[in-house]
Structure formats: C-alpha cells, structure tokens
Amino acid sequence: MRLRINGEWQEFASLAFVADLVPVLELAGKRFAIELNGQIVPRSQHGNAVLSDGDELEIVVAVGGG
Amino acid sequence: MQDQLVIAGKAYNSRLLVGTGKYRDFEQTAQALDASGCDIVTVAIRRVNLGQNAGEPNLLDFLPQNRYTLLPNTAGCYSAEDAIRTLRLARELLDDHRLVKLEVLGDSGNLFPNVKETLKAAEVLVAEGFDVMVYTSDDPIIARELEQIGCCAIMPLASLIGSGMGILNPWNLKLIIEQSKVPVLVDAGVGTASDAAIAMELGCDGVLMNTAIAAAGNPVMMAHAMKLAVEAGRAAYCAERMPKRFYSAVPSSPSEGVISSRKP
C-alpha cells in the first residue's frame, strides 16, 4: 500500500492499523503524535484506526525550539 | 518557597523560562538548562525524521524525566489554523498537557508576531481548554484583548526574536504590566543578563529566552548569569527601589563633624 508520511509517498507491505506503523517506522518508545488524513489519532485509538492505500499521515515529535 | 511564579494555577520556583533550540548539541542543551535553574522549557513540534531514524537521539531523551515542565510552542506558524493544529498535536504528544506557548508570526524575515492571527488562535485554543501563554507585540491594547480572551499569561516581546537587542520600549511594557491581572513575561529579544534584570525590575513576572543563552560564547555560563539576573531583578523590584531624582543635595554621609580647613 502507498502511504504519504510527512509529505513523502512510501510503499509499505499491507498494514492494517496505525499502530502497525510504530515498529515499521521505529517509533517505539518515542513520544509522538499522529494525524491521519488531517485528523489526530489519539494514542488509545492507534490500534483501531484503519490504514488504507493512499492515506496521508503527519507524525510529529518534540524538538529543540524557543 | 515564597514568591513563586504562578501560571494557570501551578506554582514554579524559577522565573526564568528557557528555550531548547540553537545549542551545539543535546548535551549542551541539558547543561545550559540545568545551569539556568529553570522549571519551564519550550519545545517545538516538528515532523519526525524518518530517513535516518535508527539510533538518532531525541531531545526528550536528553532531558531528565519529570524535571521540567515542557511548553510546546508554535514556532514556524504563520496562521491561526497552523498554530491551532500544532498545539492540538502537541497536546496529544504530551499526554493531554495543556500549558502551551502560542506564537503566530507575520514575517519570516523579522519574525514579528501577527497579532490578528494570534487573537484568532487564542480564542479557539482557550475554548478547547488549553492554558495559553501568548507571545505578542508590546501593544497594550492587544495584550488586554488577549487577557480578556482568557490567556493565562501575556508574553510581550522586548525586541525581535533572536536579536539580543534587549528591551526597546520599557514604557509599553510597564503599561502592560500595570493593566494585567495574569502574569506578564518578557519573551524575545533578551541579549544579556542586564536585559533580564531590567525586565524583572520593571515588574515582569518572568522572562523567557533562548538565543541569549544558546548564542552566547559560553552558554552554560550565560545560563547561570541569567539565573542570577532574574533573581536579582526580582529582588530589587520587591525591595522597592529608591526614586530617581535629577539631583539631590542629600549626601549619604553626615554633614556634621566635618573637619575644617586649616587657615594660617
């Protein structure tokens, strides 16, 4: 399936839920937030939010800033 | 401890708030924050770097757990919509953390705030339950409107972000301080310790800075200087300084008992 993550289209093996992206993108143990097609997916819903071909995601973390 | 800084109902010992950007590396960031004695640190919200992800350290990994209150900002946002979206993501990222810094910029060259968009964003964010510390210009009418909207702290600039020019208009700052019932913190433009001390002597409740520390020759030393400056300025303010007089023929030493000049 093709997913656009942080502006970049990438090919993935078929993934069912947002939670499946965590190990694939090496996000385990990090504090991050995910938007799926413009809607924030709360952490509690990562295991329920279905991924479809063509979905667009934004994944953000905290970085240094003033 | 007395004389704590109270923001949105929570008390903090330090009146110095520090940003986490522009340091040499995460280690220096952690050392500078430690030297500053700050309790609140700002962070930015950005896309995670997916390319070279494995093993790349994250800022939060370097900061001691639970020592600092993180204040997510909306740096890089030029519209109310972007700022609102960023803070909603920050709230999710930090497990429903509500204390946030709102900044909506109007010009990428000088980074001056866009107060119209800031007002719009503030209304929405306050309504959604955020505790909004709002970065703004030193316009006292805008500051009043932001307070009326429900922002929990007003943060007027001393001068442009990253400029180190210090407080350019202490008079506007005084107007804002006099009229505000919520804390007023100078944010942006502090360059050196005396700037921070002056802000506190004017009656500010706190000072937020990043570049002043990160861009100093010795950031850890400057962080320590800023800690002292904020404490000194605050103590001087509370001690109620003497009035200024153009001149005053009242010397500090007694007039009686002066030895007279020897005359032949």
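Just so you know, these numbers use all the heavy atoms, side chains as well, and skip hydrogens, waters and symmetry mates.
- Heavy atoms from other residues, nucleotides or ligands lying under 6.0 Å from NE2 of A/His46 number more than 12.
- Listed options B/Leu93, B/Leu70, B/Ile45, B/Thr42 were ranked by heavy-atom pairs under 4.5 angstrom with chain A; first place goes to B/Leu93.
- By the neighbour-count criterion of 12 heavy atoms within 6.0 Å, atom CD of B/Glu81 is sparsely surrounded, having that number or fewer from other residues, nucleotides or ligands.
- In terms of non-hydrogen atom pairs under 4.5 Å with chain A, the most contact-rich of B/Lys101, B/Arg85, B/Arg88 is B/Arg85.
- Looking at A/Glu8, neither its backbone nor its side chain comes within 4.5 Å of chain B, counting heavy atoms on both sides.
- Contact count against chain A (heavy-atom pairs under 4.5 Å) is highest for B/Ala44 among B/Ala44, B/Gly19, B/Gly21.
- For the options B/Leu17, B/Thr211, B/Asn73, B/Asp61, heavy-atom pairs under 4.5 Å to chain A are most numerous at B/Asn73.
- Residues B/Leu16 and B/Ser36 share a closest heavy-atom pair of CD2-O, 3.7 Å.
- Considering only heavy-atom pairs separated by less than 4.5 Å from chain A, the leading option among B/Val43, B/Thr29, B/Leu89 is B/Leu89.
- Remark: of the listed residues B/Val134, B/Asp187, B/Asp205, B/Val134 is the sole one forming a side-chain contact (heavy atoms from CB on, under 4.5 Å) with B/Ile154.
- Looking at heavy atoms from C-beta onward, A/Arg31 lies in side-chain contact with B/Asp95 at the 4.5 angstrom threshold.
- The number of heavy atoms from other shown groups lying within 6.0 Å of CE (B/Met221) does not exceed 12.
- When heavy atoms are compared at a cutoff of 4.5 Å, B/Leu94 approaches chain A by way of both its backbone and its side chain.
- When heavy atoms are compared at a cutoff of 4.5 Å, A/Ile59 approaches chain B by way of both its backbone and its side chain.
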